[in-house]
2 protein chains.
Amino acid sequence: MLRLPPAYRSYHVFQPRKLSKETLKSLPTHELLQTLGFVRQSQSGLVNWLPMGLRSLTKIENIIRRRMNNDGKAMEVQLSTLSPKSLWETTGRWSNTELFKLKDAKKASYCLTPTCEEDITALMKNYISSYKDLPLLVYQITKKYRDELRPRGGLLRGREFLMKDAYSFATSKEEAIGIFERVNSVYAKIFTDLKIPFLSAWADSGDIGGDLSKEYHYIHPSGEDTLMKCEDCGMSSNVEKCESFPIENGEHLGDVDVQYTLSKDHGTLVCLYYPRGRQLNWNLALESLDHDLDSSIREKSNKDILEIFQESNEDVMFAKVLRVMDCRLNSRSNFPDFPLKQYLKNNFGKIDDVSLVDAIENEVCGSCNEGHLKAFKTIEVGHTFHLGTKYSKLLEAKFTDRENKSSIIEMGCFGIGVSRLLGAIGEITRDERGFRWPTSVAPYTVSVCVAPGNESLSHQIKEQLDMSFEDDVMYSFNDKMGLGARINYSHAIGIPICVIAGPKNWPNVELEIRGNNYGNESWKQEYETAKDTLKWQITGDKHIVPIESLRKVISIIARDL
Amino acid sequence: MLRLPPAYRSYHVFQPRKLSKETLKSLPTHELLQTLGFVRQSQSGLVNWLPMGLRSLTKIENIIRRRMNNDGKAMEVQLSTLSPKSLWETTGRWSNTELFKLKDAKKASYCLTPTCEEDITALMKNYISSYKDLPLLVYQITKKYRDELRPRGGLLRGREFLMKDAYSFATSKEEAIGIFERVNSVYAKIFTDLKIPFLSAWADSGDIGGDLSKEYHYIHPSGEDTLMKCEDCGMSSNVEKCESFPIENGEHLGDVDVQYTLSKDHGTLVCLYYPRGRQLNWNLALESLDHDLDSSIREKSNKDILEIFQESNEDVMFAKVLRVMDCRLNSRSNFPDFPLKQYLKNNFGKIDDVSLVDAIENEVCGSCNEGHLKAFKTIEVGHTFHLGTKYSKLLEAKFTDRENKSSIIEMGCFGIGVSRLLGAIGEITRDERGFRWPTSVAPYTVSVCVAPGNESLSHQIKEQLDMSFEDDVMYSFNDKMGLGARINYSHAIGIPICVIAGPKNWPNVELEIRGNNYGNESWKQEYETAKDTLKWQITGDKHIVPIESLRKVISIIARDL
């Protein structure tokens with residue numbers, strides 16, 4: 001069941017007094033959200049939600065909640081925002097510099113939760129004792145906190161944000177992956193409900209741990225992520241996780257860069273060679289070496305790595321060296337000097353034919369080895385992880401299995417950035433006239449614009465629409481706005497369907513469609529069968545209908561938007 | 001529009017495995033809420049909301065949101081939880097020791113908001129420029145934080161709690177009081193919707209400031225507040241604010257206590273004399289002296305007050321002394337020694353005939369001077385304040401009035417403890433069988449209990465009920481529970497209407513009513529007219545109806561519960 005959006009009363013205090021074309025066209029999206037009265041930034045990375053923004057946010061929440069309940073068979077909970085230090089020390093995450101930390105009057109330390117693996121595991125282990133209690137999927141839609149040093153883009157990366165975070169608990173890896181797949185199918189439904197085209201992609205699971213991870217993205221040039229998609233096999237993957245091969249091996253003739261690193265035991269110096277001008281990809285390097293690399297020294301310079309190597313080995317002359325060559329290199333490439341002055345050739349190893357760098361457009365897909373890759377700039381809006389036992393082991397979350405033995409619970413976690421979605425959809429759908437929300441997100445599906453003085457027409461329209469659309473129609477505008485200003489304002493705040501009424505054509509009214517149907521035109525068929533009964537005419541872009549048909553026509557058109 | 005409660009899936013993990021009669025009868029309410037799976041305490045004063053508790057909490061939220069939107073004409077917003085130190089320094093509230101305080105990575109200080117006068121005023125002043133923008137009423141339903149040193153009673157006084165806080169902005173005191181009255185009428189509707197008998201009472205506005213304040217209370221012996229109600233004129237008032245008179249003036253013959261205090265300029269020593277054994281009432285003392293008392297030294301001892309007096313006056317012999325006598329005293333009462341050794345009789349003043357102590361039961365009402373007072377122990381659940389310009393002045397929230405002059409905005413604020421309401425209603429309505437929620441708060445209005453193995457009957461009932469009750473019916477029980485255990489569990493978690501079905505009487509089913517109708521028996525009339533059509537029989541406490549009538553009968557009965 002859903003949290004429906006609050007009603008926006010007939011006050012105009014948050015409506016901008018003036019709106020220039022230039023403002024609507026050129027203001028960055030997070031400023032446009034402020035100017036048009038959706039949110040207002042209170043401090044860097046912190047926003048206050050104004051009535052209209054809260055309506056849109058609540059609509060997104062609804063869509064997620066409905067799908068998680070009905071399709072995900074998930075249970076909604078709400079955890080405390082204050083999480084005790086001890087839990088985060090147990091999992092080794094207390095040192096995270098992005099945690100907001102505080103002490104209470106009794107000097108006990110807490111953080112404001114940025115995510116809840118610790119807390120949910122600590123909670124659920126009280127209720128799980130046997131395999132009969134499993135599997136379970138729980139979720140919450142709550143404010144989260146992250147002390148970003150450089151918050152940017154308003155809702156895209158704030159310090160306080162609304163997140164849907166779900167957590168699964170299962171008896172086995174297979175069962176956990178079953179839930180992982182179920183949640184991914186729920187996510188596909190959620191993003192379909194939101195009506196904005198999206199991509200899902202295999203991804204790196206990063207600091208959160210686990211070994212199976214999928215991301216959900218919107219394609220947009222302002223995005224910070226890069227997604228590679230194979231035109232042949234359809235595989236989509238974050239560039240962080242994407243293997244690619246050059247059209248021809250050994251095609252790189254120029255300079256070669258090297259990154260040194262060490263095996264986990266620091267006994268082997270690993271030299272990663274790759275074409276200058278390309279970006280080394282740590283995930284690919286890890287896979288080439290069966291994960292036997294010390295990731296903790298990943299950010300260090302070559303000089304520091306060599307020092308650590310010399311400190312770790314009594315005599316480097318006898319130490320092992322492994323040279324890993326990106327497959328784009330060949331023997332004529334211009335390699336840098338080798339750093340060690342004395343070494344034994346016998347201790348040298350070599351791996352080639354692997355790909356060590358970020359994929360670029362038109363390279364060959366590493367998944368099918370046939371298709372060519374296409375690159376997209378994207379905004380990430382959701383992420384699913386199979387976690388395994390990373391948290392449950394440290395927090396001792398166990399169950400008794402069928403053989404009456406104590407086992408560690410297998411977990412997964414699944415996030416959607418709810419406030420981030422609003423920022424991302426705003427960014428993607430806006431045009432030179434302002435926002436252009438899908439009905440799933442628009443603060444109202446319909447606006448009713450009459451010239452000042454014709455409010456009685458508004459009332460008659462309201463009587464017609466109330467039964468189907470109730471609170472989802474906006475009738476109130478600033479008294480000072482003329483009809484044209486009202487229509488422009490309705491278009492600027494992105495209401496998908498604008499009803500325009502005046503005494504001249506009454507009882508006919510005009511509909512202007514602002515929403516984008518992304519090619520879904522199911523209304524056309526219904527129009528053909530119903531146009532005579534409904535007296536529904538189309539003139540250019542405008543629909544003209546008598547007031548009695550309005551409710552029906554709006555229902556038909558709205559379905560596509 | 002409303003936030004509807006989340007669905008509770010068919011998992012039984014939060015259902016207690018065993019429930020003894022003793023547990024249900026004697027466990028304190030906040031522990032019963034835990035045992036029955038509504039909430040679970042994570043740390044002192046902090047709770048995690050489990051699915052069933054979240055359903056109940058959301059129902060209360062809904063009732064408040066609906067009334068605030070539709071009757072209050074209020075706009076919903078959501079402010080950031082992190083509020084900057086500078087705002088709280090401006091209003092002098094940063095020193096509050098119950099603020100949770102934290103610093104971000106850039107060393108900027110914030111508190112977690114316990115209430116939002118500062119933030120809402122700082123926000124709204126950006127949108128208010130003219131008298132035409134006013135009046136406005138905005139509200140939010142958000143988590144609030146208070147670092148209580150001694151959190152108690154679970155939801156009754158937590159460190160993190162859900163609060164509805166509303167704020168009004170007006171051009172004049174009259175307009176502000178108009179909104180104050182409107183919100184109080186909305187509160188009466190909200191508390192009526194919640195179905196639990198309540199009292200409203202005039203109250204002291206305490207630290208929050210302002211001079212007009214009303215509280216909403218539930219009568220219950222476990223309450224921490226005391227309310228006095230006149231049996232004659234009906235006036236209700238918190239004892240903190242209640243003036244009373246003895247049945248006969250001068251009736252106190254025994255010992256007299258004195259509390260010294262000082263006028264605001266510290267030039268007058270004020271001696272407050274009152275009967276030993278009674279509680280001095282500072283609000284009454286303030287009113288007796290036209291508020292010319294220094295409230296900041298209120299908590300100090302007589303010895304300290306005399307020292308301050310001596311330090312503030314060159315020669316106390318020439319300083320003024322004012323003796324204030326509670327009207328219960330007379331000249332034969334046993335007064336304490338006067339503390340000053342030398343004084344001038346000419347500088348002495350005296351006030352008598354005033355009431356200085358907390359009212360007690362059976363005294364005469366100070367409001368009508370006729371009726372006698374009755375005392376009630378109560379739990380406070382709502383509070384409304386006319387604030388005046390206390391916050392708007394300090395935060396420079398101004399508007400341009402009709403005469404084009406700059407004026408300070410008049411404000412009010414209005415709170416309801418949402419999570420506290422759940423704790424209070426649980427405490428008040430529970431009996432020896434567990435909770436006994438009204439339908440307004442119950443996690444489900446209806447439960448359907450069948451013996452294990454008869455799930456097909458459940459499905460047939462579901463088909464009948466879905467149209468009217470959708471997600472408000474509980475069908476799922478732990479497989480291991482027999483029919484009796486299911487009924488007991490339904491009663492324990494306080495579901496108002498329990499439907500019991502078995503193959504023997506099918507297609508007739510039985511209804512057990514657990515909810516309290518508080519004397520509302522509107523169903524009886526409907527029963528008389530509809531019993532034949534609906535084939536609705538009553539046997540003792542039980543209703544027996546055929547499955548086709550079930551939906552109708554439940555609708556009729558639920559209205560009273």
Side-chain angles (χ1 to χ4, degrees), chain A residues 1-14 40 42-43 46-51 54 57-58 65 69-70 73-84 97-98 100-102 104-106 108 110 112 119 122-124 126-128 133 136 138 143 145 147 149 159-160 470-471, chain B residues 1-14 40 42-43 46-51 54 57-58 65 69-70 73-84 97-98 100-102 104-106 108 110 112 119 122-124 126-128 133 136 138 143 145 147 149 159-160 470-471:
Chain A
M1 290 176 80
L2 312 176
R3 177 195 204 282
L4 296 174
Y8 177 42
R9 310 312 310 173
S10 58
Y11 299 114
H12 315 99
V13 72
F14 299 110
R40 186 175 184 104
S42 64
Q43 302 284 311
L46 303 174
V47 297
N48 293 322
W49 288 87
L50 303 180
L54 192 56
L57 188 70
T58 307
R65 184 172 280 121
N69 290 347
N70 297 346
K73 311 284 174 218
M75 292 188 287
E76 189 173 358
V77 297
Q78 251 185 37
L79 304 188
S80 171
T81 297
L82 294 171
S83 179
T97 54
E98 289 189 342
F100 276 110
K101 294 172 185 173
L102 71 154
D104 69 10
K106 287 175 179 161
Y110 301 86
L112 304 184
D119 292 87
L123 172 69
M124 294 306 294
N126 296 298
Y127 295 101
I128 297 167
D133 300 326
L136 285 175
V138 293
K143 294 266 169 76
Y145 296 86
D147 194 6
L149 268 176
R159 299 198 291 167
E160 178 181 52
E470 216 181 316
D471 188 33
Chain B
M1 290 175 81
L2 310 176
R3 177 194 202 283
L4 295 175
Y8 178 42
R9 310 313 309 176
S10 58
Y11 299 113
H12 315 99
V13 72
F14 300 110
R40 187 175 182 104
S42 63
Q43 301 285 311
L46 303 175
V47 297
N48 293 322
W49 289 85
L50 302 180
L54 192 56
L57 188 70
T58 307
R65 185 172 280 122
N69 290 347
N70 297 346
K73 309 284 173 219
M75 292 188 285
E76 189 173 358
V77 296
Q78 251 184 37
L79 304 188
S80 171
T81 298
L82 294 171
S83 178
T97 53
E98 290 189 340
F100 275 110
K101 294 173 186 173
L102 71 155
D104 68 10
K106 289 175 178 160
Y110 301 85
L112 304 183
D119 292 87
L123 172 68
M124 293 306 294
N126 296 298
Y127 295 101
I128 297 168
D133 300 326
L136 285 175
V138 293
K143 295 266 169 75
Y145 297 86
D147 193 6
L149 269 176
R159 298 199 291 168
E160 178 181 53
E470 216 182 316
D471 187 33

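Letters A, B, ... mirror the listed sequences (proteins, then strands); counts begin at 1. The model shown is predicted, which means the values in this text are computed figures rather than measured ones.
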Subject >> Residue pair V13(B) / M75(A): nearest heavy atoms and the distance that separates them >> reply: CG1-CE, 4.1 Å
Subject >> Interatomic spacing from OG1 in T58(A) to CD in E76(B) - rounded to 0.5 Å >> reply: 6.5 Å
Subject >> Contacting moiety of T81(B), where chain A heavy atoms sit under 4.5 Å >> reply: both
**OP:** Using non-hydrogen atoms and a 4.5 Å limit, figure out which bit of K143(B) sits close to chain A: side chain, backbone, both or neither.
**Re:** side chain
**OP:** Under 4.5 Å heavy-atom distance to chain B, tell me which part of S80(A) shows up: side chain, backbone, both or neither.
**Re:** both
Original post:
Which value, rounded to the nearest 0.5 Å, describes the distance between L123(A) atom CG and N48(B) atom CG?
Top reply: 5.0 Å
Subject >> Largest heavy-atom contact set with chain A, pairs under 4.5 Å, which of I128(B), L57(B), V138(B), N126(B) >> reply: N126(B)
Subject >> L112(A)/L102(A) under side-chain contact (heavy atoms from CB on, under 4.5 Å): CA gap, chis, key distance, verdict >> reply: CA-CA 8 Å; L112(A) 304 184; L102(A) 71 154; 3.9 Å; yes
